Q: 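Sharing a structure, written as structure tokens. Questions coming.
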Number of protein chains: 2
Amino acid sequence: MPKMSSKESALNQFRDKCSEHGLKVTPQRTAIYEEVLHSKEHPTANLIYKKVRKKLHNISFDTVNRTMITFSRLGVIRVVEGYGEPKRFDPDLEPHHHFRCIRCNGIIDFHEQTFDEIDIPKNISKQFTVLHKKVVLEGICVSCQEEKV
Amino acid sequence: MPKMSSKESALNQFRDKCSEHGLKVTPQRTAIYEEVLHSKEHPTANLIYKKVRKKLHNISFDTVNRTMITFSRLGVIRVVEGYGEPKRFDPDLEPHHHFRCIRCNGIIDFHEQTFDEIDIPKNISKQFTVLHKKVVLEGICVSCQEEKV
DNA sequence: CTCGGTGCAAAATGTTTGCAAGTAC
DNA sequence: GTACTTGCAAACATTTTGCACCGAG
């Protein structure tokens with residue numbers, strides 16, 4: 001087996017992912033992939049757009065945005081807080097946890113005492129003021145599962 | 001001590017909260033407070049707006065939106081997913097957890113094996129397909145603490 | 001060559017801001 | 001009476017959509 005740099009292997013992984021899902025390997029997608037995989041700051045599409053533009057001078061924002069949504073569908077990257085949704089409010093201040101449906105964006109509260117009791121790691125509490133803790137589970141809710149089999 | 005209905009006591013609590021923070025008790029705020037406290041669906045400002053409009057016919061969306069932001073600052077309600085922010089992406093698919101600064105919206109990754117190992121409650125896994133789990137801590141990050149003392 | 005991908009422009013959606021008029025205290 | 005609130009309208013930010021052209025396979 002020939003040796004390859006981590007850059008090459010990452011690129012190959014990317015090609016595989018694409019062909020696996022019937023996606024074409026375009027320079028835009030490659031550049032976006034490289035940029036987003038090296039970013040540590042949980043970037044928005046806009047931030048990646050700005051960075052990728054340095055290489056691909058006239059790439060459009062849509063391409064970046066659409067590509068990143070595509071990537072998150074493939075499971076190459078993940079969408080985290082925020083989720084691009086309008087602000088939502090919760091009047092329940094008691095400890096509880098959330099299941100979030102990635103399809104309909106619904107949030108279901110649940111209670112679980114063992115989760116309420118988790119200890120905040122010292123390296124976090126040393127640096128930050130923690131006001132709230134919760135467990136967030138993500139997946140597909142009942143109604144969304146039934147909708148499309 | 002005179003008895004009072006839970007409605008009265010909730011209203012009194014609300015009045016207290018307001019005077020505590022130097023806020024005036026207006027009909028709009030009262031109506032919004034009542035609506036949001038009884039909602040179970042993690043409503044957006046827009047949803048509350050639609051509901052409150054049935055009582056206060058010509059309340060504006062801004063008032064609802066501003067009031068709810070005010071309430072969340074007072075700690076009467078809490079902002080949950082989504083946070084009204086643009087979509088953000090995370091290339092790290094390995095188990096890890098998030099500290100989220102409620103002031104600057106920054107997300108800091110951290111690792112904690114005991115968190116990775118939490119068990120999904122049966123009543124959740126029975127109903128839903130759970131694809132991902134994480135602990136989300138919220139509070140104020142170092143730089144935001146330093147900024148305003 | 002073909003179909004999916006891209007760039008552009010416009011529309012849709014959600015949020016924020018400035019200000020004059022109104023109202024709780 | 002005063003300062004805080006409200007409603008309105010406009011500005012702003014972000015996301016989505018439609019379509020003609022382009023290029024990877």
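Chain A is the first sequence line, chain B the second, and so forth, proteins listed ahead of strands; every chain is numbered from 1. Keep in mind the model is a prediction, meaning the values are calculated, not measured.
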Q: Between CZ of Arg29(B) and SG of Cys18(B), what distance do you get to the nearest 0.5 Å?
A: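 Taking CZ in Arg29(B) and SG in Cys18(B), the distance rounds to 6.5 Å.
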Q: Sub-3.5 Å donor-acceptor pair from the side chain of Lys51(B) to the main-chain atoms of Glu35(B), do we have one?
A: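 No, Lys51(B) side chain to Glu35(B) backbone: no donor-acceptor pair under 3.5 Å.
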Q: Start at the 5' end of DNA chain C and walk down; is the nucleotide closest to Pro27(B) or to Val64(A) reached first?
A: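 Its nearest nucleotide lies further toward 5', so the answer is Val64(A).
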Q: Within the structure, does a side-chain N or O atom of Thr26(B) lie under 4.0 Å from either OP1 or OP2 of dT5(D)?
A: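 False: Thr26(B) side-chain N/O out of range (4.0 Å or more) of dT5(D) OP1/OP2.
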Q: What's the angle between the local helix axes at either end of the helix from dC1(C)-dG25(D) to dC25(C)-dG1(D), using five pairs per end and rounding to 10 degrees?
A: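 End-to-end axis angle for the helix from dC1(C)-dG25(D) to dC25(C)-dG1(D): 40°, rounded to 10°.
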Q: Test your reading of the model: is there a side-chain donor-acceptor pair from Lys87(A) to the backbone of Gly82(B), 3.5 Å cut-off?
A: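 No; zero donor-acceptor contacts below 3.5 Å.
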Q: Side chain of Arg88(B), backbone of Glu41(A): donor and acceptor closer than 3.5 Å?
A: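 It does hold such a pair.
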Q: Identify whether Phe115(B) and Ile120(B) are in the same connected component of the hydrophobic contact network (ILVMFWY, side-chain heavy atoms under 4.5 Å).
A: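 Same cluster: Phe115(B) reaches Ile120(B) through Ile, Leu, Val, Met, Phe, Trp or Tyr contacts under 4.5 Å.
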Q: Evaluate salt bridge (Lys or Arg N to Asp or Glu O under 4.0 Å) for Glu34(B) paired with Lys55(B), printing each intermediate quantity in order.
A: CA-CA 11 Å; Glu34(B) 283 179 350; Lys55(B) 286 188 186 175; 3.4 Å; yes
Q: Would you say that Met68(B) contacts Val36(B) through its side chain, given a criterion of any heavy-atom pair below 4.5 Å between the two side chains?
A: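 Contact flag for Met68(B)/Val36(B) side chains = yes.
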Q: Between Tyr83(A) and Arg100(A), is there a cation-pi geometry (under 6.0 Å to ring centre, at most 45° from the normal)?
A: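 Yes, a cation-pi geometry.
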Q: Check every nucleotide of DNA chain C for an atom under 4.0 Å from a heavy-atom of chain A, then give the first and the last such nucleotide from 5' to 3'.
A: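 Listed 5' to 3', the contact boundaries are dC3(C) to dT16(C).
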Q: Hey, does His132(B) have a side-chain heavy atom less than 4.5 Å from the side chain of Leu137(A)?
A: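 No - every pair of side-chain heavy atoms lies 4.5 Å or more apart.
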Q: Tell me which pairs pass side-chain hydrogen bond (donor to acceptor under 3.5 Å, both in side chains) where either residue lies in residues 59-71 of chain A, with sequence neighbours left out.
A: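 Counting only pairs at least two positions apart or across chains, the side-chain hydrogen bond (donor to acceptor under 3.5 Å, both in side chains) contacts touching residues 59-71 of chain A are Ser60(A)-Thr63(A).
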Q: What does nucleotides 8-18 of chain D look like as a protein-contact string, B for base, S for sugar-phosphate only, - for none, at under 4.0 angstrom between heavy atoms?
A: BB----SBBBB
Q: The criterion is salt bridge (Lys or Arg N to Asp or Glu O under 4.0 Å); which residues satisfy it with Glu81(B), sequence neighbours excluded?
A: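 Per chain and number, Glu81(B) pairs via salt bridge (Lys or Arg N to Asp or Glu O under 4.0 Å) with Lys134(A).
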Q: For Tyr49(B) and Arg53(B), does a side-chain donor sit closer than 3.5 Å to a side-chain acceptor?
A: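 A pair is found: one side chain offers a donor N or O, the other an acceptor, under 3.5 Å apart.
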Q: Among residues 16-24 of chain A, which residues get a heavy atom nearer than 4.0 Å to DNA chain C?
A: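 Within residues 16-24 of chain A, the residues near DNA chain C are Leu23(A), Lys24(A).
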Q: Where do His98(A) and Asp109(A) land on the side chain to side chain donor-acceptor pair (under 3.5 Å) test, with the steps shown first?
A: CA-CA 5 Å; His98(A) 284 166; Asp109(A) 288 342; 3.0 Å; yes
